[in-house]
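To start, the structure itself, in structure tokens.
Side chains are part of it too, since the values below use all heavy atoms of this structure and drop only hydrogens, waters and symmetry mates.
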Amino acid sequence: MNNWPLLSLVTFLPLAGAAFIFFIRGDDKVVAANARHVALLTSLGTFILSLGIWLKFDNTTPDFQLVEKANWLPQLGITYHMGVDGISMLFVILSTFLTPLCILQSFGSIDKRVKEYMVSFLVLETMMVGMFCALDFVLFYFFFEGVLIPMFLLIGIWGGPRRVYAAFKFFLYTLAGSVLMLIAMLAMAWHAGSFDIPTLMGIPYPVSMQYWLWLAFFASFAVKVPMWPFHTWLPDAHVEAPTGGSVILAGVLLKMGAYGFLRFSVPMLPEATVYFTPLIYTLSIVAIIYTSLVALAQEDMKKLIAYSSVAHMGFVTIGIFAMTPQAVEGAIFQMLSHGVVSGALFLCVGVVYDRMHTREINRYGGLVSRMPRYALVFMVFTLASVGLPGTSGFVGEFLVLLGTFRANTWVALLATTGVVLGAAYMLLLYRRVVFGKLVREDLKNILDLNMREIVVFAPLILVVLWMGIYPSSYLNVMHVSVDNLILRHQAALGVKAAEPPAAAAPVQAKPAQEAAPAPEPAPAAQTAAPAASEPTPTQAPPAPAADDAKPTKQE
């Protein structure tokens with residue numbers, strides 16, 4: 001088993017299941033039942049197989065592991081290159097964990113074109129897992145954009161009344177940003193002569209080039225996160241998407257943008273990252289405060305949770321660009337926690353929507369008297385979203401705020417307001433839906449959670465409590481990779497600061513051009529003199545120039 005291509009098996013097993021379902025024939029009811037069971041078994045098998053990645057993973061090394069590499073388009077230098085580190089591995093597990101739960105949930109809510117629905121969901125899983133494993137630019141882009149097609153179909157075919165509008169809005173927003181990212185990838189590959197991501201991480205890029213590359217990546221990743229003001233597609237997509245689509249959209253797809261920042265922007269473009277960090281701080285704080293206030297005003301449960309997702313992802317982007325170990329680890333932990341908690345909250349909305357066919361908050365109230373099990377489950381995930389100690393939500397937000405406080409006190413202080421506002425809109429939602437008097441006649445016959453729904457929620461509750469009580473089981477996985485990311489980022493900044501002095505003696509124009517981003521001209525001159533004095537025995541003319549420069553610098 002040690003020689004098995006484990007990453008490829010986890011990536012393409014769902015695609016094999018989708019192909020099998022595609023060829024199922026017979027009576028509509030039989031086809032639907034068979035498609036459901038094949039999809040569930042395939043996704044469960046994929047999840048169990050993905051646990052082998054965690055078991056085989058070595059927490060003590062930052063290198064990519066379980067690497068698979070083969071020629072794909074050798075004439076263009078494009079390879080099939082797969083691997084995971086302490087950051088990407090956890091998102092592979094998150095993707096394979098949520099998919100079978102979404103498929104099981106759909107057994108009671110999807111009754112038209114079931115076969116096509118299951119095929120779309122399994123193809124979506126392949127694209128998600130492949131994106132987190134890809135170590136080649138072209139392969140990454142293939143999976144990154146491939147996610148759009150099945151999600152577009154899930155929203156456009158099985159969504160709500162405005163599903164076509166929401167599907168096209170989602171598709172166009174994300175595609176427009178991704179085109180700029182493709183241009184940046186091609187420019188970087190042309191500059192480095194390779195599409196290999198680990199190779200590109202070690203290539204220095206000119207500072208002026210970094211700014212444009214960073215903005216091109218930002219155009220794609222900011223839409224995916226989504227950051228304010230690029231978030232307007234998200235509420236429409238969530239409201240119109242089927243419950244399973246909303247779970248995957250919030251649980252995994254929103255993490256693709258933040259993962260892109262960690263994989264490309266921060267390690268490959270360090271100077272541009274530092275330069276644009278104030279922009280990220282500003283947009284993130286606005287997202288946290290503004291979308292939290294908007295969430296308070298919502299009357300649709302799905303819209304409220306959608307806006308809360310934008311606010312929670314604001315903590316993630318702040319943590320990534322604070323570039324302290326606690327903040328970055330907290331951002332990754334927050335992404336994992338948000339993937340589970342927000343997905344569970346959308347499942348909670350789906351439970352009452354399947355019974356009452358409405359998401360209006362005012363249509364509910366007093367459900368605790370008729371649905372005590374539902375009230376308990378909803379309470380667990382509400383408190384996790386608020387950040388109650390002992391749940392996963394607390395650990396991520398606490399680490400982000402702790403690490404950000406060390407980097408920028410004011411940013412941490414303003415971000416803390418999001419914790420207060422988050423408690424306000426989530427507890428208000430819970431009170432209006434669960435507590436109060438049961439006055440509506442149609443609610444008096446509503447049924448509590450059935451066994452299938454309990455099976456869906458039970459593992460989510462266990463994971464939320466596990467992450468909250470024993471967070472080191474996740475933090476230990478990412479710790480070495482995060483430390484390596486920060487050290488390489490700092491080293492790149494240090495190398496770039498020392499490069500202009502070394503080139504100062506033979507070439508005068510180049511340092512002058514690169515001096516703009518470097519704020520320390522005095523140390524540059526001090527280091528230039530020894531550098532120029534080294535070639536004195538073989539280059540006599542430059543030596544007097546260096547000697548002449550010394551008295552002027554001392555004066």
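S385 places no side-chain N or O within donor-acceptor distance of the main-chain N or O of T382, the cut-off being under 3.5 Å. Checked by atom type and distance alone, the side chain of R355 pairs as donor or acceptor with a backbone atom of L447 at under 3.5 Å. In this structure, E240 contributes its side chain and R162 its backbone to a donor-acceptor pair below 3.5 Å. Judged by distance alone, with hydrogens and angles left aside, the side-chain atoms of D448 form a donor-acceptor pair with the main-chain N or O of R373 at under 3.5 Å. A donor-acceptor pair under 3.5 Å is formed between the side chain of R359 and the backbone N or O of V239. A donor-acceptor pair under 3.5 Å is absent between the side-chain atoms of T404 and the main chain of L401, judged by distance alone. Remark: side-chain polar atoms of K255 are paired, donor with acceptor, to backbone N or O of A250 under 3.5 angstrom. Of the possible donor and acceptor atoms, none in the side chain of T417 sits under 3.5 Å from a partner among the backbone N and O of L413. Panel note: side chain S481, backbone V477; no donor-acceptor pair is recorded below 3.5 Å. In terms of modelled atom types and a separation under 3.5 Å, the side chain of H479 and the main chain of L475 share no donor-acceptor contact.
Centroid-to-centroid, the aromatic rings of F132 and F143 stay 6.0 Å apart or farther. In this structure, F321 has its ring center under 6.0 Å from that of F261. In this structure, the ring of F152 has its center less than 6.0 angstrom from the ring center of F168. Aromatic ring centres of W54 and Y474: separated by under 6.0 Å.
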Practice task
Check the pair E116 / S120 against side-chain hydrogen bond (donor to acceptor under 3.5 Å, both in side chains), numbers first and verdict last.
Solution key: CA-CA 6 Å; E116 290 81 1; S120 298; over 6 Å; no
Handout entry: Residue pair V341, H312: steps toward the side chain to side chain contact (heavy atoms under 4.5 Å, CB included) verdict
Key = CA-CA 11 Å; V341 174; H312 281 100; over 6 Å; no
Problem - Chi angles and distances behind the side-chain hydrogen bond (donor to acceptor under 3.5 Å, both in side chains) call for H231, T291 - result: CA-CA 10 Å; H231 68 288; T291 56; over 6 Å; no
Problem - Audit row: R113, Y117, side-chain hydrogen bond (donor to acceptor under 3.5 Å, both in side chains) steps and yes/no - result: CA-CA 6 Å; R113 297 187 178 181; Y117 180 89; over 6 Å; no
Practice task
Dump the intermediate steps for salt bridge (Lys or Arg N to Asp or Glu O under 4.0 Å) on E299 and R432, then the final yes or no.
Solution key: CA-CA 10 Å; E299 293 297 329; R432 295 175 65 184; 2.9 Å; yes
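A distance of 5.5 Å separates OG1 of T243 from CG of D354, quoted to the nearest 0.5 Å. Note that OG of S178 and CG of L148 are 6.0 Å apart. Values are rounded to the nearest 0.5 Å. Interatomic distance, OH of Y307 versus CG of L296, reported as 13.0 Å (0.5 Å rounding). Summarising the geometry, atom CD belonging to Q334 is positioned 10.5 Å from atom OG1 belonging to T317; distances are rounded to the nearest 0.5 Å. Here OG of S308 is found 12.5 Å from CD1 of I288. Values are rounded to the nearest 0.5 Å.
Here the closest heavy-atom approach between residue L304 and residue A295 is recorded as CD1-O, 3.4 Å. In terms of heavy-atom proximity, A311 sits nearest to S292 at CB-OG, 3.6 Å. Looking at every heavy atom in both residues, G390 comes nearest to I469 through O-CG1, 3.9 Å. Pairing each heavy atom of A306 with each of F346, the nearest pair is N-CZ, 4.0 Å. Between L249 and A237, the shortest heavy-atom distance links the atoms CD2-CB, 3.8 Å.
Looking only at side-chain heavy atoms (C-beta outward), V463 and F97 come within less than 4.5 Å of each other. Residues I149 and L124 fail the side-chain proximity criterion, which asks for heavy atoms closer than 4.5 Å. Taking 4.5 Å as the limit, every side-chain heavy atom of W158 sits out of range of all side-chain heavy atoms of S106. Looking at heavy atoms from C-beta onward, R452 lies out of side-chain contact with V455 at the 4.5 angstrom threshold. Side-chain contact between V252 and F91 is absent, with no heavy-atom pair separated by less than 4.5 Å. Taking 4.5 Å as the limit, some side-chain heavy atom of E329 sits within range of a side-chain heavy atom of M478. Under the 4.5 Å side-chain criterion, counting only non-hydrogen atoms from C-beta, V310 is in contact with P226. Proximity of M313 to M227: side-chain heavy atoms (C-beta onward) are nowhere separated by under 4.5 Å.
For K115 and F22, the positive end sits near the middle of the six-membered ring, less than 6.0 Å away and at most 45° from its axis. Geometric assessment of K224 against the ring of F144 yields a positive cation-pi assignment under the 6.0 Å and 45° thresholds.
Remark: the W466 side chain and the S473 side chain contain an N/O donor-acceptor pair separated by less than 3.5 Å. Judged purely by distance below 3.5 Å, without hydrogens or angles, the side chains of R370 and N445 never pair a donor atom with an acceptor atom. Between T232 and Y173, the side chains place a donor N or O and an acceptor N or O closer than 3.5 Å (distance only, hydrogens not considered). Side-chain contact, T126 with T11: no donor N or O sits under 3.5 Å from an acceptor N or O.
Between F230 and F218, the two ring planes are perpendicular [angle over 60°; tilted spans 30° to 60°]. Note: Y430 and F435 have perpendicular aromatic rings, judged against thresholds of 30 and 60 degrees for the angle between ring planes. Taking the six-membered ring where tryptophan is involved, the planes of F398 and F394 are essentially parallel, since the angle between them stays under 30° and well short of 60°. Ring pair F378/Y374 is tilted by interplanar angle, where 30° to 60° counts as tilted.
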